[in-house]
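Have a look at the structure below, then the notes.
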Amino acid sequence: RHPLATFFHLFFRVSAIVTYLFCDWFSNSFVACFVTILLLLSFDFWSVKNVTGRLLVGLRWWNQIDEDGKSHWMFEAKRVPTIAASTEAEARIFWLGLIICPVIWTMFFFSTLFSLKLKWLALVIAGISLQTANLYGYIHCKLGGQKSISRVTSRLFGTAAVPKRQGRNIAEDGTEEQGKTGTR
């Protein structure tokens, strides 16, 4: 159902790995190789997080910072009653790409470390970080994201739109009580 999304899910990932492996053959410039690979990794992170996860498996995640500066990870899972054979294949491709690529970047980390090519270490760590963040987010979506999108969205907007404020509550006997109202 989504051949273009499936293509780009794998294209940026595989392109970053192939460019990392063969960049020295095509260019002598470390900076050009570094920037190219980092751009491919960034494109991959964005496309997987914002497009292919929703289309191929019905999952999405994001990070939200509250007013206190605390970071909260939010997870969603769309309930799909029946999955066609083509979407099962797309889901397999999605999960295989999501799991295999961080493993490959981890192998690159150890080979870079043991071969003492320390100038590539920052790039490999960036690759591991971006790939693992997507993997972490989607695993949590799959395992713990059994809530419907409407419940998560209503909860999100309910807590963000209603600040804590002083309110008046009317007791059963008709007297007013002062207290904080709002969420939480």
Side-chain angles (χ1 to χ4, degrees), residues 1-65 70-78 80 83-147:
R1 291 177 32 194
H2 304 288
L4 194 61
T6 305
F7 170 77
F8 279 110
H9 176 70
L10 296 177
F11 175 75
F12 291 126
R13 292 175 172 263
V14 172
S15 296
I17 291 170
V18 169
T19 304
Y20 177 78
L21 289 173
F22 300 114
C23 195
D24 288 337
W25 290 5
F26 300 112
S27 175
N28 290 331
S29 173
F30 169 74
V31 174
C33 292
F34 190 92
V35 169
T36 302
I37 296 167
L38 195 58
L39 282 173
L40 288 169
L41 287 168
S42 299
F43 292 154
D44 171 61
F45 179 81
W46 182 88
S47 67
V48 170
K49 182 180 172 302
N50 295 314
V51 179
T52 62
R54 287 184 197 186
L55 293 177
L56 300 179
V57 290
L59 302 173
R60 82 176 191 157
W61 65 270
W62 68 95
N63 192 351
Q64 177 179 327
I65 308 292
K70 293 181 183 175
S71 177
H72 301 282
W73 285 59
M74 308 296 282
F75 306 99
E76 283 183 358
K78 190 188 303 184
V80 180
I83 298 176
S86 65
T87 59
E88 282 185 27
E90 289 173 347
R92 261 191 222 109
I93 291 169
F94 177 83
W95 286 108
L96 283 174
L98 205 64
I99 293 168
I100 291 173
C101 288
V103 171
I104 292 171
W105 282 103
T106 304
M107 291 187 314
F108 288 163
F109 174 78
F110 288 113
S111 70
T112 302
L113 192 62
F114 293 136
S115 65
L116 297 175
K117 295 182 179 179
L118 299 180
K119 66 181 181 181
W120 291 99
L121 203 55
L123 180 68
V124 172
I125 290 172
I128 292 171
S129 300
L130 292 172
Q131 302 277 322
T132 306
N134 264 333
L135 180 62
Y136 174 81
Y138 283 112
I139 286 175
H140 275 294
C141 286
K142 184 71 174 171
L143 297 179
Q146 301 301 324
K147 300 174 184 171

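Everything numeric in this text was worked out from a predicted model, so none of it was measured.
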Compute the centroid of each ring, for F75 and then for W62, and state whether the two points are separated by less than 6.0 Å. no

Do we get K49 above W61's six-membered ring, with its NZ or CZ under 6.0 Å from the centre and within 45° of the axis? yes

I need the L59 CG to I139 CD1 distance, nearest 0.5 Å. 11.0 Å

Just distance, no hydrogens or angles: give the donor-acceptor pairs under 3.5 Å from side chains in residues 95-111, sequence neighbours left out.
unit_1, atom_1, unit_2, atom_2, d
T106, OG1, P102, O, 2.7
S111, OG, M107, O, 3.4
S111, OG, F108, O, 3.0

Side chains of L56 and H2 in contact at under 4.5 Å (non-hydrogen atoms): yes

With the side chain counted from C-beta on, respond yes when W73 and H140 share a heavy-atom pair under 4.5 Å apart, and no when they do not. no

Residues T52 and V48: closest non-hydrogen pair is OG1-CA, 3.1 Å

Show every donor-acceptor pair shorter than 3.5 Å between a side-chain atom in residues 34-47 and any protein atom, with sequence neighbours excluded, or say none if there are none.
unit_1, atom_1, unit_2, atom_2, d
T36, OG1, A32, O, 2.7
S42, OG, L38, O, 2.9
D44, OD1, R13, NE, 3.1
D44, OD2, Q131, NE2, 2.8
S47, OG, F43, O, 3.1
S47, OG, D44, O, 3.2

Reported CH2-to-OG1 distance for the pair W25 and T19, which is rounded to 0.5 angstrom: 13.0 Å

Test applied, side chain to side chain contact (heavy atoms under 4.5 Å, CB included); reference residue, C33; option that passes from W120, F26, Y20: W120

So with a 6.0 Å cut-off around CG of N63, is the heavy-atom count from everything else above 12? yes

Between R60 and E76, the two heavy atoms sitting closest are NE-OE1, 2.7 Å

How many angstroms lie between atom CD1 of I65 and atom NE2 of H72, to the nearest 0.5 angstrom? 8.0 Å

Only one of L118, I125, L123, L121 passes side chain to side chain contact (heavy atoms under 4.5 Å, CB included) with T112, and that residue is L121

